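The structure appears below as structure tokens.
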Amino acid sequence: SQTLNRTSLSGGKKSLDLPASNLQEPAQSLDNNYVVLARKWRPAQFTDIVGQNHVIKTMVNAITSQRIHQAYLMTGSRGIGKTSIARIFAKAVRCQSLTSDVNSCGVCSSCREITLSTSVDVIEIDGASNNGVDAVREIRESAKFLPALGGRKIYIIDEVHMLSKSAFNAMLKTLEEPPEHVVFILATTDVQKVPITILSRCLQLKLRNLSAAEIEQHLRYVLEQEQ
């Protein structure tokens with residue numbers, strides 16, 4: 001069997017022959033199937049959204065009538081579902097096999113890429129860390145190119161109110177006259193900080209806070225499913 005010579009640090013006079021296998025760390029088995037509840041129960045379809053029927057109805061009607069606005073602005077408190085709804089909308093717009101109730105199929109290549117956050121045609125940007133003119137210029141340049149797959153390229157900009165004044169000015173022209181294949185979905189927790197020139201070019205969707213009864217009902221449903 002293979003042996004490994006180990007020399008002591010005190011002068012190199014002593015050596016110890018041990019089987020190499022004895023020096024290997026024991027393999028640890030990891031359970032990769034567990035998903036935290038917040039991710040497991042994150043809405044994946046329009047029908048999964050709780051308490052935002054007015055927003056969902058607007059988006060579904062836009063898709064069914066093929067009258068999708070060039071820019072949407074979603075407002076509401078933190079954790080209310082702005083980014084989740086934006087992703088669901090992006091899936092439905094780009095889905096290759098949309099269901100009769102306007103839910104994405106979840107299995108086509110476009111849906112899978114959006115789920116895995118690997119889609120080159122659905123770009124998510126954190127406005128808090130990409131708030132300068134250079135970041136907006138990159139968006140303007142990339143928006144000129146057609147999507148790699150499907151008919152729409154979608155930009156989701158979270159915390160858009162964190163953009164600088166110069167960045168908003170640079171974005172204004174693109175929002176006003178975007179390429180036909182581009183859709184912007186902006187999300188903010190502080191709409192008062194968004195310039196009026198930006199607001200006037202977006203279709204605003206205000207998400208409401210859920211009532212205590214709605215939260216209780218949904219929590220009961222989740223607990224029943226987890227038992």
Side-chain angles (χ1 to χ4, degrees), residues 46 52 54-76 81-96 98 102 104 109-111 113-114 117-207:
F46 284 129
Q52 309 295 344
H54 61 296
V55 174
I56 301 307
K57 185 176 181 179
T58 299
M59 290 187 157
V60 168
N61 288 342
I63 295 173
T64 54
S65 63
Q66 297 184 356
R67 301 178 67 178
I68 298 174
H69 202 271
Q70 61 196 26
Y72 294 87
L73 176 63
M74 308 184 69
T75 66
K82 298 183 296 296
T83 305
S84 295
I85 294 177
R87 290 176 180 172
I88 293 171
F89 181 70
K91 269 187 181 181
V93 169
R94 292 182 43 79
C95 181
Q96 300 169 13
L98 200 63
V102 200
S104 57
S109 58
S110 180
C111 287
E113 289 175 355
I114 296 174
S117 299
T118 59
S119 176
V120 297
D121 297 323
V122 178
I123 302 97
E124 294 190 30
I125 301 167
D126 178 20
S129 55
N130 299 278
N131 57 3
V133 176
D134 291 339
V136 175
R137 285 175 179 167
E138 291 182 8
I139 295 174
R140 290 173 57 184
E141 290 301 317
S142 64
K144 297 177 182 178
F145 299 100
L146 292 172
L149 178 69
R152 299 279 185 173
K153 179 181 285 188
I154 300 174
Y155 291 87
I156 301 173
I157 306 179
D158 196 15
E159 301 296 341
V160 71
H161 65 274
M162 298 292 287
L163 295 183
S164 65
K165 182 178 179 180
S166 299
F168 275 125
N169 291 335
M171 180 183 287
L172 183 59
K173 186 65 175 178
T174 304
L175 281 181
E176 188 174 18
E177 298 178 1
E180 294 182 357
H181 59 272
V182 171
V183 177
F184 287 97
I185 306 177
L186 315 180
T188 179
T189 55
D190 195 348
V191 68
Q192 295 180 354
K193 292 183 179 180
V194 181
I196 187 64
T197 51
I198 299 295
L199 296 177
S200 64
R201 287 158 176 81
C202 298
L203 178 61
Q204 297 185 47
L205 301 172
K206 185 176 181 180
L207 278 68

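Residue numbers start at 1 and run along the sequence shown. None of the values given here were measured: they were computed from a predicted structure. Computation of the quantities below employed the complete heavy-atom set of this structure, encompassing side-chain atoms and omitting hydrogens, waters and symmetry-equivalent molecules.
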With the side chain counted from C-beta on, respond yes when Thr75 and Asp190 share a heavy-atom pair under 4.5 Å apart, and no when they do not.
no

In sequence, state the C-alpha distance, the side-chain angles, and the governing distance for Val136 and Phe168, and then conclude on side-chain contact (heavy atoms from CB on, under 4.5 Å).
CA-CA 8 Å; Val136 175; Phe168 275 125; over 6 Å; no

Ile63 to Ala92 - nearest heavy-atom pair and separation:
CD1-CB, 3.6 Å

Carefully, step by step, assess Ile198 and Leu186 under the rule side-chain contact (heavy atoms from CB on, under 4.5 Å).
CA-CA 10 Å; Ile198 299 295; Leu186 315 180; 4.1 Å; yes

Applying the side-chain hydrogen bond (donor to acceptor under 3.5 Å, both in side chains) test to Asp121, which of His181, Arg152, Arg94 qualifies?
Arg94

Please check if the side chain of Lys206 supplies one atom and the backbone of Gly76 the other of a donor-acceptor pair under 3.5 Å.
no

Contact between Val183 and Lys153 at the side-chain level, heavy atoms closer than 4.5 Å - yes or no?
no

Does any part of the side chain of Thr189, heavy atoms only, come nearer than 4.5 Å to the side chain of Glu159, both counted from C-beta?
yes

Extract all donor-acceptor atom pairs below 3.5 Å that involve side chains of residues 173-180 and protein atoms in other chains or at least two apart in sequence.
from   : atom 1 : to     : atom 2 : distance (Å)
Glu176 : OE2    : Arg201 : NH2    : 3.4

Residues Ser109 and Leu149: closest non-hydrogen pair is OG-CD2, 3.4 Å

Between atom CG of Asp126 and atom CG of Asp158, what is the distance when rounded to the nearest 0.5 Å?
6.5 Å

Grab the two heavy atoms, one from Asn131 and one from Ala128, that are nearest each other, plus how far apart they are.
ND2-O, 3.6 Å

Decide yes or no for Val55 and Leu207: does some side-chain heavy atom of the first lie under 4.5 Å from some side-chain heavy atom of the second?
yes

Separation of Met59 CE from Gln52 CD (nearest 0.5 Å)
10.5 Å

Nearest 0.5 Å, what's the CD-CG distance between Gln66 and Asn61?
13.0 Å

When you check the side-chain N and O atoms of Glu124 and Ser117, is any donor under 3.5 Å from an acceptor?
no

If you take all heavy atoms of Ala170 and Val133, which pair is closest and at what distance?
CB-CG1, 4.4 Å

Beyond-backbone contact of Ile139 with Ile157, side-chain heavy atoms, under 4.5 angstrom
yes

Minimum heavy-atom separation for Gly127 to Met162, with atom names?
O-CB, 3.7 Å

Side-chain H-bond candidate by donor/acceptor type, Tyr155 with Ser142, under 3.5 Å:
yes

Should Ile85 and Leu205 count as side-chain neighbours, where that means a heavy-atom distance under 4.5 Å?
no

Starting at OG1 of Thr83, measure out to CE of Met74 and round the result to the nearest 0.5 Å.
8.5 Å

Reported CZ-to-OG distance for the pair Arg87 and Ser119, which is rounded to 0.5 angstrom:
12.0 Å

Is there a side-chain contact between Leu73 and Val191 (heavy atoms, below 4.5 Å)?
yes

d(Phe184 CZ, Leu203 CG) to nearest 0.5 Å is 15.5 Å

Among side-chain atoms of Ser166 and Asn169, is any donor-acceptor pair under 3.5 angstrom?
no

Nearest heavy atoms of Ala148 and Val120, plus distance in Å:
CB-CG2, 3.9 Å

Partners of Ile88 by side-chain contact (heavy atoms from CB on, under 4.5 Å), sequence neighbours excluded?
Pro43, Phe46, Ile49

Given side chains that start at C-beta, do those of Ile154 and Ile123 come closer than 4.5 Å, heavy atoms only?
no

Would the distance check show the side chain of Thr118 and the main-chain N or O of Ile114 forming a donor-acceptor pair, the cut-off being under 3.5 Å?
no

